[in-house]
Amino acid sequence: MAIAQSTEEENCSDDAPPQVDETLNGECKELLLTLPRARGWRTPHIFLFQGFWCQPKEIQAIISFQRHYVPRDSDAILSTLPKAGTTWLKALTFAVVNRGRYAHHYHDHEHQHPLLVSNPHDLVPFFEYKAYAGSDGAPDLSGLPDPRLFGTHMPYHVLEAPTAGRCKIVYICRNPFDMFVSQWMYLNKVKPEWLPEVPLDEAFEMFRSGAVGFGPFWSHVLGYWKASRERPDRVLFMKYEEMKEDIVSHLKRLASFLGYPFTAEEEEGGVVEGLAELCSFEKMKELEVNKSGRSIMDFENKNLFRKAEVGDWVNYLSPAMEQQLSKVLEEKLGGSGLEFKISPGLPVGQ
Ligand code: A3P
């Protein structure tokens, strides 16, 4: 499934020879030689693989996932583009499905709730950065307790065959203006020191052309959007901005979708509000584990919690950039029924 246009590949390609990552397996090294490549933000190059752009280690892990993953009906896969709200979604889902087990552990200092002492990325592993990240391939995930929760940035079409119609899939999408700024800020913090920082205007061009990690973003969101409309029992599509406005109803939606609906007694007892608070940006940002710990790829957790605002992009993008990105949205998503709220003061789609 080729999604990126050839002009986009040409615009973004970089003639420097790819540096070989010696930790990759031989199959992946050979494959990389055959794939279109573009300049990366956090690695020297990203590659066009199965219709989307990603880093070499991600490709190796995705191949392993596609070969070895054995789905269970009770599995829940939490899918997002980077910086769309992954950490939040992992926390919310973990809190919802495990609420029976940890009901009394919010304020109990001896038996603290796992979300108070661990980063959500350590409680809900990514397929591509943890579960399938080893170079030898097939991890044994059969011992993990039900329901198994996994995170991923893979597009829907990549998950389709390995999940074989089983599992629940939850997707959060975020308006691309804020998501782009959040990606740019984050990647500049976690990139290796020897790799030069990509200036904002260049990064914006890369984002707009589609050649950024797990991009093009429009293909990613459309894949899940369409799947959620065709199989609403299997794919839940949520928007970051709507969750920020009303997390309680979205938590209820999430819980019912996953097969863990809140009882009337729980609702009356304030359980939903309690979980929302536990997973709130303000609460999570101040936890010691999130101020000083490390999780995904050993990156510092503190970089996962920045501002969490809707519309912060106006502080970074020029009016011309806004127009250009709006045009892309119109071209790529127009007619799909999918619209974004890009500013707290404006209605959706404006
Ligand atoms: P900003 O950079 O705009 O602040 P991801 O988890 O996918 O890496 O996304 C990170 C973005 O989500 C960051 O956005 C971060 O501040 C925000 N975020 C992190 N935890 C959050 C939470 N509990 N609630 C809402 N937003 C959160």
Side-chain angles (χ1 to χ4, degrees), residues 41-42 58 77-96 113-116 118-130 149-154 170-191 200 203 207 212-215 217 220-221 224 238-248 250-251 254 273-287 289-291 293-297 299-317 340-344:
W41 293 9
R42 202 183 60 72
E58 292 161 350
I77 300 178
L78 313 180
S79 184
T80 51
L81 274 168
K83 304 297 132 194
T86 321
T87 315
W88 194 17
L89 178 61
K90 285 185 175 185
L92 293 167
T93 309
F94 182 90
V96 162
H113 191 288
L115 280 165
L116 295 174
S118 307
N119 179 272
H121 294 288
D122 288 326
L123 299 172
V124 180
F126 270 113
F127 280 137
E128 57 271 32
Y129 305 117
K130 206 159 197 176
L149 307 179
F150 299 105
T152 190
H153 292 319
M154 288 180 242
V170 183
Y171 188 72
I172 293 194
C173 97
R174 186 176 189 190
N175 84 67
F177 294 82
D178 283 323
M179 190 173 65
F180 162 70
V181 169
S182 184
Q183 287 182 357
W184 182 70
M185 308 279 293
Y186 183 77
L187 289 172
N188 282 337
K189 288 193 180 125
V190 303
K191 71 166 188 55
L200 182 75
F207 185 81
V212 287
F214 298 95
F217 74 84
H220 204 278
V221 296
Y224 285 97
M238 302 205 287
K239 293 182 181 172
Y240 182 89
E241 296 75 20
E242 291 179 356
M243 292 166 64
K244 288 279 296 180
E245 267 173 23
D246 180 2
I247 187 58
V248 167
H250 282 87
L251 253 180
L254 177 67
E273 286 80 1
L275 297 184
E277 217 255 80
L278 178 70
C279 302
S280 69
F281 175 74
E282 293 72 23
K283 172 94 185 175
M284 293 183 73
K285 189 182 164 81
E286 293 309 320
L287 296 174
V289 65
N290 292 332
K291 288 205 274 195
R294 291 170 177 267
S295 56
I296 336 164
M297 324 236 329
F299 295 153
E300 290 178 286
N301 292 338
K302 66 177 186 205
N303 295 324
L304 294 165
F305 305 91
R306 195 180 64 94
K307 279 191 177 174
E309 283 174 6
V310 177
D312 180 52
W313 62 269
V314 291
N315 298 314
Y316 299 89
L317 304 188
F340 299 100
K341 190 175 178 94
I342 62 168
S343 155

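Given the structure is predicted, the values throughout are model-derived calculations rather than measurements. Whatever order the structure lists them in is the order used to number ligands and atoms, beginning at 1.
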My understanding is that only residues two or more places apart in sequence, or in another chain, count here; which of them pass side chain to side chain contact (heavy atoms under 4.5 Å, CB included) with I296? H121, F126, Y129, Y186, L304
Do you know which of F180, F214, W184, W41 makes ring-ring contact (aromatic ring centres under 6.0 Å, His included) with F207? F180
What residues, two or more places apart in sequence or in another chain, satisfy ring-ring contact (aromatic ring centres under 6.0 Å, His included) together with F177? W313
Using a 3.5 Å distance criterion without hydrogens, assess whether the side chain of N301 forms a donor-acceptor pair with backbone atoms of V289. yes
Any idea which residues sit under 4.0 Å from ligand 1, heavy-atom distances? K83, A84, G85, T86, T87, W88, R174, S182, Y240, C279, S280, F281, M284, L304, F305, R306, K307, A308
Ignoring hydrogens, what is the shortest heavy-atom contact between L78 and K90? Give both atom names and the distance. CD1-CA, 3.8 Å
Residues at least two apart in sequence or cross-chain that pass side-chain hydrogen bond (donor to acceptor under 3.5 Å, both in side chains) with E245, listed by chain then number, are K341
